[in-house]
Amino acid sequence: MNDCSDMSSSLSRSQSCRVESGCFMVYDRNNYMGNQYFMKRGEYSDYMSMMGMRDCIKSCRMIPMHRGQFRMKIYEKENFGGQSHEMMEDCDNVMDRYRMNECQSCNVMDGHWLMYEQPQFRGKMMYMRPGEYRNFMDMGMSGQRFMSMRRITDSC
């Protein structure tokens with residue numbers, strides 16, 4: 001029903017789950033680290049093979065519903081350097097739309113977003129809530145580039 005940074009105290013192993021309401025990001029390491037997966041209402045009977053998780057869910061974060069506008073500014077370099085672009089809509093390919101080879105920092109002003117390592121919303125993802133993100137490497141995402149971004153608009 002809310003964020004949990006360490007699920008091992010209540011659950012040592014899991015193979016499936018059901019999201020009865022809301023949207024969640026689940027992580028395969030404690031403290032919201034490691035690979036991230038977006039889950040909305042539904043049953044996930046074998047999420048380990050479906051999502052390629054190497055272990056089980058170790059932590060989860062509830063995503064609050066956002067009803068206002070969405071705004072995020074992406075930057076080519078860390079610490080808000082290089083070229084930048086403000087976004088209010090989904091972007092399926094940063095290279096095609098903005099001619100940016102990569103995105104290494106961002107400022108989420110409004111809404112909740114998912115950033116993906118490949119175009120067309122594929123590959124590993126990272127959940128971004130409002131705040132400044134100066135360096136994705138500091139968040140355990142070393143060497144990862146983000147090439148597409150999507151707003152979390154699901155009525156979870």
*Between R129 and R61, does a side chain to side chain contact (heavy atoms under 4.5 Å, CB included) hold up when you go through it step by step?*
CA-CA 11 Å; R129 55 189 180 173; R61 178 168 273 152; 3.5 Å; yes
*So, E43 and R18, do they make that salt bridge, N to O below 4.0 Å?*
yes
*Would a 4.5 Å heavy-atom cut-off, applied to side chains only, mark C17 and M39 as touching?*
yes
*Mind checking whether F70 and T153 have side chains closer than 4.5 Å, heavy atoms only?*
yes
*Non-hydrogen side-chain atoms of H112 and C23 separated by less than 4.5 Å*: no
*asked:* Taking the basic N atoms (NZ, or NE/NH1/NH2) and the acidic carboxylate oxygens, is any pair closer than 4.0 Å for E86 and R71?
replied: yes
*Side chain proximity check, F136 to M128, heavy atoms < 4.5 angstrom*: yes
*Between S105 (side chain) and K77 (backbone), is there a donor-acceptor pair under 3.5 Å?*
yes
*Hey, any chance V108 and M88 share a hydrophobic cluster, counting ILVMFWY side chains that come within less than 4.5 Å of each other, even indirectly?*
no
*Could you tell me whether a side-chain N or O of N31 sits under 3.5 Å from a main-chain N or O of M33, the two making a donor and an acceptor?*
no
_So, applying side-chain contact (heavy atoms from CB on, under 4.5 Å) with C91, which one of R97, R150, M147, M100 is it?_
R97
*Taking atom OH of Y133 and atom CD1 of I74, what is their separation to the nearest 0.5 Å?*
15.0 Å
_Quick check: closest heavy atoms across M125 and M25, and the distance to 0.1 Å?_
SD-CE, 3.9 Å
*Determine the minimum heavy-atom distance between Y116 and G123, stating which atoms define it.*
CD2-O, 4.1 Å
*Rounded to the nearest 0.5 Å, what's the gap from CD1 on I57 to OG on S8? Could you check?*
13.0 Å
_Rounded at 0.5 Å granularity, tell me how far CD1 in I152 sits from CZ in F38._
5.0 Å
*So which heavy atom on G22 is nearest to which on V19, and how close?*
O-CG1, 3.4 Å
_Whether S59 side chain and D6 backbone form a donor-acceptor pair below 3.5 Å_ = no
*Begin from the C-alpha positions of R67 and M65 and carry the test side chain to side chain contact (heavy atoms under 4.5 Å, CB included) through to its verdict.*
CA-CA 7 Å; R67 298 216 183 269; M65 186 62 195; 3.8 Å; yes
*Answer yes when R151 and E89 have at least one side-chain N-carboxylate O distance shorter than 4.0 Å, and no when they do not.*
yes
*Report yes if the side chains of E76 and Y98 come closer than 4.5 Å at any heavy-atom pair, otherwise no.*
no
*To the nearest 0.5 Å, how far apart are OH in Y32 and OH in Y27?*
8.0 Å
*asked:* Just verifying a value: how many Å separate N35 CG and K58 NZ, rounded to the nearest 0.5 Å?
replied: 13.0 Å
*Are Q36 and K124 close enough that some pair of their side-chain heavy atoms sits under 4.5 Å apart?*
no
*Would you name the heavy atoms of M149 and F121 that are closest together and state the gap between them?*
O-CE2, 3.2 Å
*Distance in Å, W113 CH2 paired with H66 NE2, rounded so as to fall on 0.5 Å steps*: 9.5 Å
*Heavy atoms, side chains only, cut-off 4.5 Å: are Q104 and Y75 in contact?*
no
_Run the side chain to side chain contact (heavy atoms under 4.5 Å, CB included) test on S148 and N93 for me, step by step, so that the C-alpha distance in whole Å, both residues' side-chain angles and the decisive distance to 0.1 Å come before the verdict._
CA-CA 5 Å; S148 56; N93 191 321; 5.9 Å; no
*Are C106 and K73 close enough, and set up right, to give a side chain to side chain contact (heavy atoms under 4.5 Å, CB included), and what steps lead you there?*
CA-CA 6 Å; C106 72; K73 192 165 190 175; over 6 Å; no
*Are the side chain of E132 and the backbone N or O of N107 linked by a donor-acceptor pair below 3.5 Å?*
no
_Distance-minimising heavy-atom pair for N2 and F24_ = O-CE2, 4.5 Å
*Which atom of Y127 lies closest to which atom of P64, heavy atoms considered*: OH-CD, 3.9 Å
*Quick one: are M95 and P119 in side-chain contact, heavy atoms under 4.5 Å?*
no
